[in-house]
Amino acid sequence: TIHAFANVNTLITNGVVALSDIANGERIEDRERLEFQLFEQLLVLLPDIKMALEEGTLDSQHILQIGNSVQTGAASARGDDIKTLKVAVLNWLTPDRSEGLVPHIPRDQMTCRGFNHEATGKPLCPAGLDYEIVKDNLRNLRMIVAGDQWPIFLYCNYNYNPDAPWDGLLQGRLLVNGMRHVFCSPSSVTQERKATKAGNARLHGMTKVTPASLCYVAMLVRFALSSATSFNRADVQTDSEMFYRTLYDFVVDPAEQENFNWLLMWWNRTLFPHAVTSMRAPTENSALARLLQARASRSAESNP
């Protein structure tokens, strides 16, 4: 996942132009830098594009074919993720599986979700608002939630502190469950060992969480909680594109990198603990710690 709403054809076309500009010694404008970074990520995911660039065979027809293929695949994957998340999110909200939600929410219906039900309305309530005070206005559409009013479920334990808004952001249980469900396996949410096939992360060699993957799942969980019947980037009810773009643009902003880099480390330990094991400091007084100390001593002696 590089960007949920990127136009791949435009991304490739503009990326090729930017490469030419860089080769000619021209500077990329700040507003174009993010798009170029997405293009570089795309080259890693699609080595055929890089090969075609090197061979000089990347023409407009080739770009169109690649772009259409990527967009179709992304739309299909998103559809599959939404289909399974719509069911899974209700299970995560059900405190007692034997009794279910009251009133009951049919697994295949969306219209009774969103602010039409307490269980889905509370996690969707914008952070900073008191749900008990505004829920009637939300339910009756006297209050419309914009995409840049991020829902409280993004926060750990639904706890938002206006004086420290980074605390707990993007660490909510529903988001953690959503990330496990989409990238690891549905059974990993409950820690059950019954998965019969590899998850998306293993299939695609994913060993770390990215800003795009985190924002993508946040958007899908938000949609699965809503009463919208179909996913549409232009839907003013869910305002999914605005939600995604404001969240993504915020977390990749250089001014937020200190906080967000810490958050990514937390996510990588949560989702891919085996992948980050080698990054941890060795256990004190272990054989490995002693060997590393001896290596450091030899290096210091040979390079006084």
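Keep in mind the model is a prediction, meaning the values are calculated, not measured. FYI, side chains are in, hydrogens and waters are out, and symmetry mates aren't considered; it's all heavy atoms of this structure.
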Counting only heavy atoms from other residues, nucleotides and ligands, does the tally under 6.0 Å from [atom1] of [X] exceed 12?
{"X": "Lys122", "atom1": "NZ", "result": "no"}
{"X": "Glu258", "atom1": "CD", "result": "no"}
{"X": "Asn140", "atom1": "CG", "result": "yes"}

Shared hydrophobic cluster for [X] and [Y] (ILVMFWY, side-chain gaps under 4.5 Å):
{"X": "Met51", "Y": "Leu58", "answer": "no"}
{"X": "Leu45", "Y": "Phe36", "answer": "yes"}
{"X": "Leu34", "Y": "Val251", "answer": "yes"}
{"X": "Phe115", "Y": "Tyr158", "answer": "yes"}
{"X": "Tyr155", "Y": "Trp266", "answer": "yes"}

At their closest point, which heavy atom of [X] faces which heavy atom of [Y], and how far apart are they?
{"X": "Ser240", "Y": "Met219", "value": "O-SD, 4.0 Å"}
{"X": "Leu90", "Y": "Pro106", "value": "CD1-O, 4.2 Å"}
{"X": "Phe223", "Y": "Ala228", "value": "CE1-CB, 3.6 Å"}
{"X": "Phe153", "Y": "Ala218", "value": "CZ-O, 3.7 Å"}
{"X": "Gly114", "Y": "Thr120", "value": "O-OG1, 2.7 Å"}
{"X": "Ala4", "Y": "Tyr216", "value": "CB-CD1, 4.3 Å"}

Exercise. Between Asp136 and Arg139, is there a salt bridge with N-O shorter than 4.0 Å?
Worked result: yes

Going from [atom1] on [X] to [atom2] on [Y], what distance comes out if it is rounded to the nearest 0.5 angstrom?
{"X": "Lys50", "Y": "Leu42", "atom1": "NZ", "atom2": "CG", "value": "12.5 Å"}
{"X": "Thr10", "Y": "Leu38", "atom1": "OG1", "atom2": "CG", "value": "12.5 Å"}
{"X": "Leu101", "Y": "His117", "atom1": "CG", "atom2": "NE2", "value": "5.0 Å"}
{"X": "Leu220", "Y": "Leu85", "atom1": "CG", "atom2": "CG", "value": "6.0 Å"}
{"X": "Leu264", "Y": "Thr210", "atom1": "CG", "atom2": "OG1", "value": "8.0 Å"}
{"X": "Ile49", "Y": "Ile63", "atom1": "CD1", "atom2": "CD1", "value": "8.5 Å"}

Problem set entry | Side-chain H-bond candidate by donor/acceptor type, Thr229 with Gln109, under 3.5 Å | no

Exercise. Does one side chain, of Thr57 or His62, offer a donor that lies under 3.5 Å from an acceptor on the other?
Worked result: no

For this session: With side chain to side chain contact (heavy atoms under 4.5 Å, CB included) as the test, would you mind laying out the steps for Asp239 and Asp235 before giving the verdict?
Result: CA-CA 6 Å; Asp239 208 8; Asp235 180 20; over 6 Å; no

Donor-acceptor contacts under 3.5 Å from residues 12-24 side chains, at least two apart:
unit_1 : atom_1 : unit_2 : atom_2 : d
Thr13  : OG1    : Asn9   : O      : 2.9
Asn14  : ND2    : Glu35  : OE1    : 3.3
Asn14  : ND2    : Glu35  : OE2    : 3.3
Asn24  : ND2    : Ser20  : O      : 3.1

Table please: side-chain donor-acceptor pairs of residues 142-152 below 3.5 Å, with sequence neighbours left out.
unit_1 : atom_1 : unit_2 : atom_2 : d
Arg142 : NE     : Asn137 : OD1    : 2.9
Arg142 : NH2    : Asn137 : OD1    : 3.0
Gln149 : OE1    : Ala146 : N      : 2.9
Trp150 : NE1    : Thr246 : OG1    : 3.2

Can you check whether [X] reaches [Y] side chain to side chain, under 4.5 Å on heavy atoms?
{"X": "Arg107", "Y": "Asn91", "value": "yes"}
{"X": "Val87", "Y": "Asp108", "value": "no"}
{"X": "Val209", "Y": "Phe272", "value": "yes"}
{"X": "Lys86", "Y": "Ile82", "value": "yes"}

[X] side chain vs [Y] backbone, donor-acceptor pair below 3.5 Å:
{"X": "Arg33", "Y": "Ile28", "result": "yes"}
{"X": "Asn261", "Y": "Gln257", "result": "yes"}
{"X": "Ser299", "Y": "Ala296", "result": "no"}

Problem set entry | Contacts of type ring pair (Phe, Tyr, Trp, His ring centres under 6.0 Å), residue Phe260, not counting sequence neighbours | none

For this session: Could you check Leu225 against Arg113 for side chain to side chain contact (heavy atoms under 4.5 Å, CB included), going step by step and ending with a plain yes or no?
Result: CA-CA 6 Å; Leu225 289 167; Arg113 304 188 189 201; over 6 Å; no

Exercise. So Phe5 and His3, would you call those rings parallel, tilted or perpendicular, with 30° and 60° as cut-offs?
Worked result: perpendicular

For this session: With sequence neighbours left out, write down each residue that passes salt bridge (charged side-chain N to carboxylate O under 4.0 Å, His left out) with Arg290, or none if nothing qualifies.
Result: none

Identify every side-chain donor-acceptor pair in residues 160-179 under 3.5 Å, counting partners at least two apart or on other chains, and give the distances.
unit_1 : atom_1 : unit_2 : atom_2 : d
Asn161 : OD1    : Asp163 : N      : 2.9
Trp166 : NE1    : Glu256 : OE1    : 2.8
Arg173 : NH1    : Trp92  : O      : 3.3
Arg173 : NH2    : Trp92  : O      : 3.2

May I have the list of side-chain donor-acceptor pairs in residues 64-76 shorter than 3.5 Å, sequence neighbours left out?
unit_1 : atom_1 : unit_2 : atom_2 : d
Asn68  : ND2    : Leu64  : O      : 3.3
Gln71  : OE1    : Val8   : N      : 2.8
Thr72  : OG1    : Asn68  : O      : 2.8

Problem set entry | Derivation of the side chain to side chain contact (heavy atoms under 4.5 Å, CB included) call for Gln237 and Ser227 | CA-CA 9 Å; Gln237 178 185 354; Ser227 59; 2.9 Å; yes

For this session: Assess Arg222 against Phe243: is NZ or CZ under 6.0 Å from the centre of the six-membered ring, and within 45 degrees of the ring's axis?
Result: yes

